[in-house]
Amino acid sequence: MHGHRLVGNRTRWLRFRTVKCGSWHRDNVVLLGDAAHTAHYSIGSGTKLAMEDAIALDVAIREARDLPSAFADYEARRRPAVLHLQEIAHRSQLWWESFPERMHLPVAQLMLAYMTRAGKVDLARFVQNAPALGRRGLADYAGIAATAVPDSDVTEWVLDRPLTHDGITHPRRAADRDLRFAATTTVVDVDLESARGPAADAFVASLPATQTLWLTGSADRAALLVRLDLAERLCRSTDSLVVVEGAHRDVGDLAAGLASGRTHLVAVTREVPV
Ligand SMILES: Cc1cc2nc3c(=O)[nH]c(=O)nc-3n(C[C@H](O)[C@H](O)[C@H](O)COP(=O)(O)OP(=O)(O)OC[C@H]3O[C@@H](n4cnc5c(N)ncnc54)[C@H](O)[C@@H]3O)c2cc1C
């Protein structure tokens with residue numbers, strides 16, 4: 001800057017590795033913290049997990065009759081919470097690793113995308129906690145003034161915004177069911193563990209060029225979040241109108257996906273998608 005040289009230090013660029021172990025104990029050896037599991041540092045929770053492990057291990061050892069059952073109890077108590085956080089951390093990692101793809105977003109909308117990136121922070125809660133920024137982001141999404149954005153019930157409001165794509169205006173971002181059965185729509189069943197990586201790349205490459213891509217799949221929330229992340233790739237890499245189908249109980253995730261520019265339209269199903 002101002003003609004000065006950049007000053008380097010010994011900072012090294014890390015390639016993060018997620019550690020998962022089939023078992024956290026053997027004989028009289030037990031693992032906790034990063035030795036047992038890691039979670040991408042962008043969610044800032046590795047230390048918390050390690051401390052919670054230590055607390056759980058202490059309780060298990062005091063309560064159990066012997067070490068093998070103490071270690072088994074400790075692992076059974078901690079593993080579900082760790083797996084849940086690793087899922088969130090994985091989504092956050094993918095978001096950061098694909099960050100340059102979102103540089104075109106206005107700053108406030110980028111913040112919406114950032115806060116809801118991993119499925120941990122709810123869109124409505126974010127707008128409630130940071131109303132000025134949240135409403136600015138929603139205004140960017142809708143292409144209107146921030147003063148015209150409501151300060152409550154934003155989920156339905158997000159779904160009610162119109163969209164013009166490829167010269168066609170859709171009155172709401174919640175797609176009409178008829179669109180699923182249109183001749184120009186390709187319905188795709190997404191069965192992927194992640195929206196990035198070799199399996200996802202092959203899946204994306206196999207998709208036909210089509211006017212509308214309708215992504216359906218398991219009703220599971222984790223599967224819906226993968227569909228939304230995949231939709232974001234497709235919105236950027238294809239000319240198709242992309243629709244993500246999800247269950248009504250996850251309507252907050254669908255609204256966050258719309259407001260963050262992850263998908264063009266959503267389809268909210270009362271029943272479980274196929
Ligand atoms: C860049 C970065 C940013 C992070 N940011 C956050 C954050 O904001 N918030 C958060 O909660 N977490 C963050 N984390 C994760 C967090 O640092 C770890 O999850 C946490 O430190 C794990 O604690 P631990 O005790 O399991 O392991 P560690 O903290 O790694 O402790 C292991 C210790 O064992 C020592 N050791 C290793 N081998 C031996 C040996 N053979 N003999 C004796 N000693 C040994 C090591 O020197 C080390 O002191 C971040 C991690 C990184 C890399």
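For ligands, and for the atoms within them, numbers begin at 1 and follow the listed sequence.
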Asker: Which residue owns the protein heavy atom closest to atom 7 (C) of ligand 1, what's the atom, and how far is it?
Answerer: Gly44 CA, 3.6 Å
Asker: Could any protein non-hydrogen atom be found less than 4.0 Å from atom 4 (C) of ligand 1?
Answerer: yes
Asker: Please could you name the atoms of ligand 1 that Gly33 approaches to less than 4.0 Å, counting only its heavy atoms?
Answerer: 26 (O)
Asker: Just by distance, with hydrogens left out, do Arg177 and Thr269 show a side-chain donor and acceptor under 3.5 Å apart?
Answerer: no
Asker: Please work out which of Thr47, Leu49, Asp53 has its closest non-hydrogen atom nearest to atom 13 (C) of ligand 1.
Answerer: Thr47
Asker: Side chains of Thr184 and Thr212: any donor to acceptor distance under 3.5 Å?
Answerer: no
Asker: Any donor-acceptor pair under 3.5 Å linking the side-chain atoms of Thr18 with those of His90?
Answerer: no
Asker: Among all protein heavy atoms, pick the one closest to atom 18 (C) of ligand 1 and tell me residue, atom and distance.
Answerer: Asp34 OD2, 3.4 Å
Asker: Applying the side-chain contact (heavy atoms from CB on, under 4.5 Å) test to Val243, which of Leu215, Leu179, Thr263, Leu213 qualifies?
Answerer: Leu179
Asker: From atom 47 (O) of ligand 1, is the closest protein heavy-atom distance below 4.0 Å?
Answerer: no
Asker: In the protein, what heavy atom is nearest to atom 15 (C) of ligand 1, and what distance, to one decimal place, separates them?
Answerer: Gly46 CA, 4.0 Å
Asker: Checking contacts now, so for atom 43 (C) of ligand 1, which I'm interested in, is there any protein heavy atom under 4.0 Å?
Answerer: no
Asker: Is atom 50 (C) of ligand 1 in close reach of the protein, with a heavy atom under 4.0 Å away?
Answerer: yes
Asker: Taking the six-membered ring for Trp, are His25 and Phe71 parallel (under 30°), tilted (30 to 60°) or perpendicular (over 60°)?
Answerer: tilted
Asker: Can you find a protein heavy atom under 4.0 Å from atom 37 (C) of ligand 1?
Answerer: no
Asker: How close does the nearest protein non-hydrogen atom get to atom 25 (O) of ligand 1, and which residue and atom is it?
Answerer: Ala50 CB, 4.6 Å
Asker: What part of Ser45 sits under 4.0 Å from ligand 1 if we count only heavy atoms: the side chain, the backbone, both or neither?
Answerer: backbone
Asker: Distance below 4.0 Å between atom 40 (C) of ligand 1 and any protein heavy atom?
Answerer: no
Asker: From atom 11 (O) of ligand 1, is the closest protein heavy-atom distance below 4.0 Å?
Answerer: yes
Asker: Ring centres under 6.0 Å, that's the criterion: do His37 and Trp24 meet it?
Answerer: yes
Asker: Using the salt bridge (charged side-chain N to carboxylate O under 4.0 Å, His left out) criterion, which residues pair with Lys120? Sequence neighbours excluded.
Answerer: none
Asker: Using only heavy-atom distances, determine whether the side chains of Thr164 and Thr169 contain a donor-acceptor pair under 3.5 Å.
Answerer: yes
Asker: With a 4.0 Å cut-off, strictly under, does atom 28 (P) of ligand 1 pick up any protein heavy atom?
Answerer: no
Asker: Answer with yes or no whether the hydrophobic clustering places Trp214 together with Leu207; edges join I, L, V, M, F, W, Y residues whose side-chain heavy atoms lie under 4.5 Å apart.
Answerer: no
Asker: Looking only at protein heavy atoms, identify the closest one to atom 14 (N) of ligand 1 and say how far it is in Å.
Answerer: Tyr41 CB, 4.3 Å
Asker: Report yes or no: do Ile43 and Trp95 belong to one cluster of Ile/Leu/Val/Met/Phe/Trp/Tyr joined by side chain heavy-atom distances under 4.5 Å?
Answerer: no
